[in-house]
Each structure stands twice: as C-alpha cells, then as structure tokens.
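Working notes, structure below.
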Amino acid sequence: MTRNAHVLSFSEFSQRLVLEMELGGPPSVKALEPSTSLHLDLGLDSADMLELLVVLDEFGVAMDESVLSRIETMGDLYDVYAFLVTE
Amino acid sequence: MSDEPKDVPLLSRNTRLRPVRLSDYESLFELVSHTEATNRWRFRGATPSPEDFREMLWRGVLTQFVICRKTSETPIGLITAFDVDYTNNVVHLALLLDRTVRRTGWPLEAAIVFVNYLFEHWAFRKIYVESVEYAARWFRRAATRRLFVEEGCLSDHEWFAGRYWDVHLLALHRERWLEESGRYLKAIAPN
C-alpha cells in the first residue's frame with residue numbers, strides 16, 4: 001500500500017477488474033454498478049474470489065478475511081479498495 | 001550459505017496449515033459428515049463410523065493438514081495429498097472446506113500454500129484433482145484460468161441423485177506452477 005497512490009475511479013476499477021479477471025468482456029462492464037452483487041449477479045465463486053485477491057494485490061491492496069467476508073457488492077469492494085490503497 | 005534450502009511456509013495471509021491432532025477428529029468428522037461435503041469429498045457418500053473414520057481419514061494419504069484461520073485453532077477445512085505414484089511422480093489432492101467459508105475465496109490460500117509444499121518437498125510432475133460434474137465448479141474454473149488443465153473426462157462415471165455424472169480429471173503441472181505461483185504466493189503472503 002502506497003501513500004499518494006493513484007485511486008482509480010469506480011468505472012476504471014471495475015473495467016480493470018473485468019479485464020484482469022476475464023469476467024465476460026465489454027458487455028459486462030456496462031452492467032457493473034456499485035449495487036452489482038459479486039456472487040448473485042457476477043456468479044463469482046471461491047476460485048474467482050481467490051483470483052480477486054491476486055488482482056487486488058496487483059492493484060496494491062491486500063485484504064484480510066474479516067474484510068473480505070463482509071464484501072457483497074462491487075460498491076463494497078471499491079470502497080475497501082479506495083480506503084486501503086490510500087491508507 | 002546462500003544455497004541453503006529455505007523453509008516452506010505453511011502460513012498465508014489469512015490461513016494456517018497445521019498437523020491433524022487427536023482432538024481434531026470430532027470436528028473433522030462433523031465437517032466430512034455434512035450432507036453436501038459427504039457427497040463431494042473423498043468418501044463420496046459413505047458415512048464411516050467415528051471409529052472407522054480415523055483409519056479412513058489416513059487411508060492412502062501421503063500428507064494432510066488441518067486448515068485454520070491464522071488466529072484460531074478451530075478447523076475450517078482439511079487438505080490432503082493421497083494416492084501417490086512414485087513411479088510416475090504424480091499425486092492426487094483433495095480439499096474439504098466448511099461451507100460457511102467456502103464462498104469467500106480466502107480459504108483457498110491454504111490450497112496454494114499446500115501445493116507449494118508438495119512441489120517443494122517432492123519431485124512431483126503433476127498434482128491431480130478429480131472434479132465431479134455437479135460439484136467443485138471452482139476447480140474447473142481454475143482449469144480454464146492459469147493453474148489447472150483438464151486432462152480427461154470419465155463420462156457418466158459417478159452415480160448421485162438419480163443419474164450418472166461426468167468426472168473431470170484436472171492436473172497442475174510443475175512447469176505451470178513454476179510459471180504462475182509467484183503472483184499467487186506474493187498475493188497471499190503473510191503480513
């Protein structure tokens with residue numbers, strides 16, 4: 001985690017996530033909103049969530065399980081990312 | 001000396017692998033006996049008695065560890081290497097996770113740690129995972145990503161819930177692991 005790190009906007013963040021995690025290409029990007037559920041809407045399973053940890057690490061963010069367990073939506077995820085990347 | 005071997009960690013950011021203790025059998029029996037796990041895990045629907053369970057848990061096993069949270073001793077899973085074939089340097093892997101943590105992803109850190117342990121301690125060429133069609137979708141998703149590759153499919157092989165299901169044989173090759181493990185091990189490294 002780096003102070004003064006560039007914080008991606010929600011749109012940039014979700015687009016990069018789609019790209020890195022191969023979540024289905026451009027059509028999915030339009031559908032990603034803060035209320036989008038990681039599990040119910042995107043169908044992310046445990047392997048996807050592990051891949052998400054790896055991608056977030058590449059964004060400069062590491063999450064503990066107490067945080068991960070509370071993340072349900074893209075908005076939750078982005079909020080935690082934005083907080084941790086500037087911490 | 002710089003060429004001294006390093007210890008292979010059994011710890012990740014959120015998980016810890018530890019040896020199975022006598023006091024774990026009751027918790028592990030509960031984990032294995034849960035309906036969903038019973039159908040999917042190594043016993044495939046069999047429900048051994050608590051007495052037989054201890055023996056069956058170690059049948060054909062090369063090595064296995066209890067999976068815990070980093071800060072707790074309570075088992076949340078079990079990871080096992082079994083049916084080792086030293087002639088061909090291959091081994092099978094099985095993973096059992098408590099259903100309450102299965103979806104969250106972080107328990108799979110333990111699988112990464114364990115695979116690293118296997119490849120560091122033995123000269124295995126491949127680690128196999130069997131994945132029944134109706135279960136363990138994440139293994140097949142993993143197969144399409146960076147780690148596992150599907151090497152075979154036994155069609156209509158396994159009976160469950162009124163029909164036969166395909167069984168997929170997935171393999172993680174040492175070469176693939178060496179190429180890809182760095183990003184996984186970095187991301188799950190203990191802080």
Side-chain angles (χ1 to χ4, degrees), chain A residues 1-3 5 8 13-14 16-25 28 32 36-81 83-87, chain B residues 11-16 36 40 67-72 74 76-77 79 95-115 129 131 134-148 170 172 180-191:
Chain A
M1 287 173 276
T2 311
R3 289 183 192 282
L8 302 173
F13 177 76
S14 56
R16 277 196 60 184
L17 218 55
V18 166
L19 196 65
E20 299 282 342
M21 294 186 60
E22 301 168 9
L23 289 178
S28 300
L32 286 187
T36 301
S37 166
L38 299 181
H39 303 292
L40 299 177
D41 297 323
L42 295 179
L44 300 195
D45 57 21
S46 52
D48 296 313
M49 294 301 284
L50 176 67
E51 194 66 28
L52 179 63
L53 292 183
V54 176
V55 171
L56 289 173
D57 179 72
E58 291 166 354
F59 287 3
V61 169
M63 291 189 192
D64 290 335
E65 55 114 344
S66 57
V67 176
L68 282 164
S69 301
R70 291 200 300 267
I71 293 175
E72 292 290 333
T73 66
M74 280 298 297
D76 297 339
L77 182 61
Y78 177 75
D79 289 345
V80 173
Y81 152 76
F83 175 77
L84 290 176
V85 82
T86 55
E87 191 181 41
Chain B
L11 189 68
S12 71
R13 173 172 294 276
N14 293 300
T15 68
R16 185 165 58 90
E36 187 184 357
R40 297 179 180 193
I67 303 170
C68 301
R69 285 182 165 85
K70 201 169 66 174
T71 54
S72 166
T74 305
I76 58 166
I79 192 157
L95 173 66
L96 177 71
L97 286 175
D98 187 309
R99 65 197 169 103
T100 61
V101 298
R102 196 174 299 148
R103 197 179 65 166
T104 56
W106 61 264
L108 295 185
E109 293 176 6
I112 297 295
V113 168
F114 187 66
V115 164
V129 171
S131 172
Y134 61 81
R137 192 168 61 100
W138 74 268
F139 276 129
R140 291 196 295 284
R141 291 280 286 265
T144 65
R145 292 185 186 281
R146 296 172 189 264
L147 294 178
F148 286 86
L170 311 180
L172 174 53
E180 299 291 343
S181 60
R183 62 193 289 270
Y184 288 92
L185 292 171
K186 176 179 175 293
I188 68 165
N191 49 4

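Below, chain A is the first sequence line, B the second, and so on; all start at residue 1.
Of all heavy-atom pairs spanning B:Trp106 and A:Leu53, the tightest one is CA-CD1, 4.1 Å. The two atoms that bring B:Gly105 and A:Met49 nearest to each other are CA-CB, 3.5 Å, heavy atoms only.
Only the side chain of A:Leu68 has a heavy atom closer than 4.5 Å to any heavy atom of chain B. Of the two parts of B:Lys186, the backbone and the side chain both hold a non-hydrogen atom closer than 4.5 Å to a non-hydrogen atom of chain A.
Taken to the nearest 0.5 Å, the OG1 atom of B:Thr104 stands 7.5 Å off from the NE2 atom of A:His39.
A 4.5 Å side-chain heavy-atom check between A:Glu65 and B:Val101 finds every atom pair outside the cut-off. Residues A:Leu50 and B:Ile112 form a side-chain contact, since some pair of their non-hydrogen atoms from C-beta on lies under 4.5 Å apart.
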